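Okay, so here's the structure we're looking at.
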There are 2 protein chains.
Amino acid sequence: MPNSFTPQTAGDLNYLKSLNRSTILSTVRRSPGLSRADIALETGLTKATVGSVVQTLVERGWLREGELHARGGGRPGRALYLDGERHYMLGAEVGVKGLRLVACNLVGEILASSHQEAPPADPVSTATRLAKLLNQLREAPAIAGRRCLGLGVAVPGPVSPTAPILSLAPNLGWIDVDFLALLREEPDLPDGVWLLDNEANAAAFGEFYFFEGMPPESLAYISADIGIGCGVVSGEHFPVVPRGYQGLVGEIGHTVIQPGGALCHCGNRGCAETLVSGWALRESLGLDIDDSLSASVQARAGEADVQALIQRAGEALGLLMLNLHHTLNPSMLILGGSLMWLKGPLIEPALAYFEAHQNDLLRQSQSVPIKIIEDSTFTAARGAAAQVMARAAIEV
Amino acid sequence: MPNSFTPQTAGDLNYLKSLNRSTILSTVRRSPGLSRADIALETGLTKATVGSVVQTLVERGWLREGELHARGGGRPGRALYLDGERHYMLGAEVGVKGLRLVACNLVGEILASSHQEAPPADPVSTATRLAKLLNQLREAPAIAGRRCLGLGVAVPGPVSPTAPILSLAPNLGWIDVDFLALLREEPDLPDGVWLLDNEANAAAFGEFYFFEGMPPESLAYISADIGIGCGVVSGEHFPVVPRGYQGLVGEIGHTVIQPGGALCHCGNRGCAETLVSGWALRESLGLDIDDSLSASVQARAGEADVQALIQRAGEALGLLMLNLHHTLNPSMLILGGSLMWLKGPLIEPALAYFEAHQNDLLRQSQSVPIKIIEDSTFTAARGAAAQVMARAAIEV
DNA sequence: AAGGTTAGTAAAACCTATTAACTAAGTTGA
DNA sequence: TCAACTTAGTTAATAGGTTTTACTAACCTT
């Protein structure tokens with residue numbers, strides 16, 4: 001499974017060492033500023049072990065020592081943080097409307113980014129185009145002198161769970177593309193970990209991995225764009241993105257929520273995507289793929305049928321959120337994707353529907369936090385970079 | 001997390017030893033008859049390690065040596081199997097219509113079973129009733145001389161992911177019941193691992209853990225009974241059942257598939273359970289909870305509206321299966337629960353709907369195997385026993 | 001300034017898997 | 001029939017990691 005790491009079988013002691021290293025790393029990532037003693041307490045490792053592991057991590061540029069913090073009497077502990085200065089990861093998204101790239105550091109800060117709004121053509125030329133942009137990005141002064149950990153690429157379609165291959169991208173017209181292989185043909189790209197993943201999965205992973213504050217137990221990221229996808233993540237020290245048998249985990253855009261409803265481009269009727277998606281809304285408004293949906297909607301905001309259309313789309317989104325809750329039951333929901341540019345008229349009906357239809361099962365327990373990412377231009381690209389970091393961390 | 005084990009952080013070397021022990025155990029469980037050398041090859045451990053671990057496992061009655069098998073030249077390997085003679089696990093299901101109990105061995109064979117068809121009253125008296133039945137079961141001759149690994153209890157409602165507490169069983173009228181605590185008050189029950197889980201989760205786990213032949217990567221078990229639930233399992237050596245934030249993973253009966261449809265007992269409209277469930281079908285046919293659904297349906301099989309009702313229910317089930325595929329995308333689907341007694345008239349429309357609505361995403365990849373359990377009387381109880389074994393195995 | 005408290009380090013002991021060499025037990029073929 | 005070969009499994013020494021234990025460091029309280 002080239003796209004995931006689950007430490008499930010032992011082997012040698014190296015395994016244990018690497019396990020401890022990444023456990024400590026993830027402990028600091030989840031709560032920056034812990035001291036060696038804190039880490040020992042939290043992980044169950046001894047102070048001595050933590051001390052020696054931290055030393056190597058500091059030497060290799062993954063951790064840095066921070067300020068002292070005194071707590072009552074006794075020698076104050078030395079705060080530890082992920083070192084944001086010595087490494088970077090490249091993340092890219094091949095989106096339906098263009099290419100987006102970021103370089104970010106171990107803390108998830110974007111050091112440099114670029115985007116080029118022009119739909120990808122065929123896979124080969126897109127690889128060439130992306131390679132050029134990547135090499136331009138690597139010239140950025142903020143990156144100078146850092147080591148590159150690798151490159152993650154997010155794509156708009158399911159990726160095979162057994163190999164890093166994009167199996168189908170309906171909105172690009174690509175089928176079974178080994179995009180990383182194409183990229184490898186390009187000159188001057190950096191070594192390191194190379195990963196390919198679905199755009200929603202990558203975004204979900206990034207939001208979880210670089211979560212500000214203590215991350216939830218699990219998280220679902222709904223990507224509302226041309227189509228509707230969803231990525232799921234959970235796992236304390238080793239966040240895992242379930243992919244499923246055919247890489248279709250979270251393809252909620254094609255769950256049927258209106259039997260006998262409108263015809264979807266997938267061939268079925270009543271898919272969620274026929275009610276809420278960039279594709280369906282553009283269709284209903286008579287727009288082209290290149291037209292700005294939010295601009296058009298804003299321009300026609302006064303028209304009753306446009307209002308009703310967006311309202312219905314919002315309610316369908318709320319229903320999807322509810323169904324997701326009764327199926328995957330994540331600890332947190334994040335809404336992202338270009339549809340978020342529609343703002344209140346779409347989002348408010350969605351939230352209202354979600355709130356109004358909490359049933360007995362949900363009502364009695366703590367309600368689920370919902371976060372909305374208004375501008376998710378680089379969310380997937382940064383998420384792909386996060387996946388690179390997670391993989392590199394276990395090989396430190 | 002008393003209900004799950006995920007080996008994620010290291011600690012000491014004991015951890016590693018136990019990890020290797022249960023890895024080897026699960027390797028033999030998944031492919032019975034392997035030799036020590038085979039295991040070494042498959043797990044990546046050395047022959048020496050495998051040899052010593054296998055020795056302790058044989059001594060402790062978890063593995064037994066079988067026949068020799070010669071493959072070409074060279075010394076023949078000694079086949080290894082799980083030892084079905086020295087241990088047993090107790091599994092029980094507190095169902096809406098009665099109590100079901102099994103004692104089974106490490107291979108998943110049911111050594112003894114009993115069921116008592118009378119709806120559970122309040123939690124306390126039910127615990128007393130179950131305890132009596134358990135102690136009766138333990139007198140069975142097939143169990144004599146074996147060590148009991150523990151007791152697993154399956155219940156018809158979501159279990160809190162943080163504590164072994166049944167949060168809500170709408171069909172029993174129970175709320176926040178600590179059923180294991182009640183059981184512990186009863187005399188003479190055996191020690192060992194005690195677990196509580198949702199009935200669909202337990203069934204899913206059991207079907208996965210005791211799968212005949214090589215188990216799929218992941219599996220979803222749809223429990224079609226008074227309500228509709230679903231359990232999911234995946235994980236090679238350490239199968240994991242995701243529970244979610246509030247224990248609602250797989251509560252697909254309350255996903256909405258017909259907005260504005262019939263009123264569900266949960267308060268919402270158009271839940272799947274309003275179309276396909278023992279509850280809704282009895283309602284439509286004017287039956288009591290105690291009436292046999294399958295008998296009534298068979299008696300009225302000639303009536304057109306009954307036929308249509310069952311047909312619609314089957315189609316709703318097929319739609320649920322399809323939506324599940326676009327959300328959790330398991331490698332295998334298993335259908336169980338008392339609704340399966342309705343046989344062809346329900347199942348055929350479900351399978352037909354599922355087949356007919358495979359969309360582009362599904363069509364190009366290998367289709368998903370579907371297994372139907374006609375008689376799932378003891379499936380959940382045996383699954384609960386399987387969970388006990390899995391837990392006990394990591395502490396061997 | 002002495003005593004108390006917590007943080008972190010150093011060296012030895014310990015434990016487990018590996019390595020490498022061995023024995024065991026079958027098949028093949030002259 | 002027997003030597004050569006091949007694969008299975010065991011044994012003893014080694015290596016590599018974590019822990020234990022004892023220590024030093026550094027700050028606060030009185």
Side-chain angles (χ1 to χ4, degrees), chain A residues 7-24 27-28 31 33-59 63-81 394-396, chain B residues 7-25 27-28 31 33-59 63-81 394 396:
Chain A
Q8 290 201 330
T9 182
D12 56 337
L13 287 168
N14 267 336
Y15 165 80
L16 192 54
K17 183 154 201 181
S18 132
L19 193 60
N20 283 348
R21 265 201 298 259
S22 35
T23 302
I24 289 177
T27 306
V28 176
S31 12
L34 291 186
S35 68
R36 289 164 175 80
D38 296 330
I39 296 173
L41 210 67
E42 191 157 321
T43 58
L45 299 168
T46 61
K47 289 195 293 176
T49 307
V50 173
S52 84
V53 171
V54 165
Q55 193 185 352
T56 67
L57 287 173
V58 168
E59 280 165 6
L63 291 181
R64 66 175 175 85
E65 295 191 316
E67 78 289 355
L68 290 170
H69 37 69
R71 267 175 305 197
R75 173 175 170 177
R78 179 67 70 178
L80 294 167
Y81 298 94
I394 62 180
E395 291 160 11
V396 174
Chain B
Q8 290 202 329
T9 180
D12 56 339
L13 288 168
N14 267 337
Y15 164 81
L16 193 53
K17 185 156 199 179
S18 133
L19 193 61
N20 282 348
R21 265 202 298 259
S22 35
T23 302
I24 287 176
L25 221 39
T27 306
V28 175
S31 13
L34 291 186
S35 69
R36 291 165 175 79
D38 296 331
I39 296 173
L41 211 67
E42 192 156 321
T43 59
L45 299 168
T46 61
K47 288 194 295 173
T49 307
V50 173
S52 82
V53 171
V54 164
Q55 195 185 352
T56 66
L57 287 174
V58 168
E59 281 164 6
L63 290 181
R64 66 176 175 84
E65 295 192 315
E67 80 287 355
L68 290 169
H69 39 66
R71 267 174 305 198
R75 173 175 170 177
R78 178 67 70 177
L80 294 168
Y81 297 94
I394 63 181
V396 174

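The chains referred to below are lettered A, B, ... by the order of the sequence lines, with proteins before strands, and numbering in each begins at 1. The structure displayed is predicted, hence computed values, not measured ones.
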Can you check the [X] [atom1] to [N] [atom2] distance for me, whole Å?
{"X": "A:Leu41", "N": "C:dG8", "atom1": "CG", "atom2": "P", "answer": "12 Å"}
{"X": "A:Ile24", "N": "C:dG8", "atom1": "CD1", "atom2": "P", "answer": "12 Å"}
{"X": "B:Glu67", "N": "C:dG26", "atom1": "CD", "atom2": "C1'", "answer": "15 Å"}
{"X": "B:Arg78", "N": "D:dT7", "atom1": "CZ", "atom2": "C1'", "answer": "15 Å"}
{"X": "A:Lys47", "N": "D:dT24", "atom1": "NZ", "atom2": "C1'", "answer": "11 Å"}
{"X": "B:Leu68", "N": "C:dA24", "atom1": "CG", "atom2": "P", "answer": "16 Å"}
{"X": "A:His69", "N": "D:dC28", "atom1": "NE2", "atom2": "P", "answer": "14 Å"}
{"X": "A:Ile39", "N": "C:dT9", "atom1": "CD1", "atom2": "P", "answer": "11 Å"}

First of A:Thr46 and A:Pro76 reached from the 5' end of DNA chain D, by closest nucleotide =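 The answer here is A:Thr46.
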Please walk me through it: do B:Ile39 and B:Leu45 pass side chain to side chain contact (heavy atoms under 4.5 Å, CB included)?
-> CA-CA 8 Å; B:Ile39 296 173; B:Leu45 299 168; 5.7 Å; no
Indicate yes or no: at least one non-hydrogen side-chain atom of A:Asp38 is less than 4.5 angstrom from one of A:His69.
->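 Yes - at least one pair of side-chain heavy atoms lies under 4.5 Å apart.
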Minimum side-chain heavy-atom gap A:Leu80-A:Ile24 below 4.5 Å =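 No; the side chains remain at least 4.5 Å from each other.
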Any donor-acceptor N/O pair, A:Ser52 side chain to A:Thr49 backbone, under 3.5 Å |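 A pair under 3.5 Å: yes.
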Answer yes or no: is there a donor N or O on one side and an acceptor on the other, between the side chain of B:Arg78 and the main chain of B:Glu67, under 3.5 Å?
->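 Here the side-chain-to-backbone pair does not exist.
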Would you kindly check whether a donor in the side chain of A:Arg75 faces an acceptor in the base of D:dA26, or vice versa, at under 3.5 angstrom?
->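 No pair found.
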Does C:dT6 have OP1 or OP2 sitting under 4.0 Å from an N or O in the side chain of A:Arg36?
->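 The answer is no; no side-chain N or O of A:Arg36 sits under 4.0 Å from OP1 or OP2.
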Phosphate contact (D:dG9 OP1 or OP2) by B:Ser35 side-chain N/O below 4.0 Å |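 Yes, within the criterion.
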Identify, with sequence neighbours excluded, every residue that meets salt bridge (Lys or Arg N to Asp or Glu O under 4.0 Å) alongside A:Glu65.
->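 A:Arg36.
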Find the distance between CG (A:Leu41) and CG (A:Leu34) and round it off to the nearest 0.5 Å.
->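 If I round to the nearest 0.5 Å, the distance is 10.0 Å.
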Which residue, A:Asp38 or B:Gly74, contacts DNA chain C at a nucleotide closer to its 5' end, judged by nearest heavy atom?
->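 Comparing both residues, the 5'-ward one is A:Asp38.
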Consider the side chain of A:Thr49, meaning its heavy atoms from C-beta on, and name the nucleotide among D:dT18, D:dC27, C:dT18 that approaches it most closely.
->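 Comparing D:dT18, D:dC27, C:dT18 against the side chain of A:Thr49, the answer is D:dT18.
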Can you tell which of D:dT10, C:dG8, D:dT18 lies closest to the side chain of A:Asn20?
->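 Of the candidates, D:dT18 comes closest.
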Please work out if A:Ala48 contacts a base, only the sugar-phosphate, or nothing of the nucleic acid, heavy-atom cut-off 4.0 Å.
->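 Result for A:Ala48 = base.
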Rounded (10°) bend between the five-pair end axes of the helix from C:dA1-D:dT30 to C:dA30-D:dT1 =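 End-to-end axis angle for the helix from C:dA1-D:dT30 to C:dA30-D:dT1: 0°, rounded to 10°.
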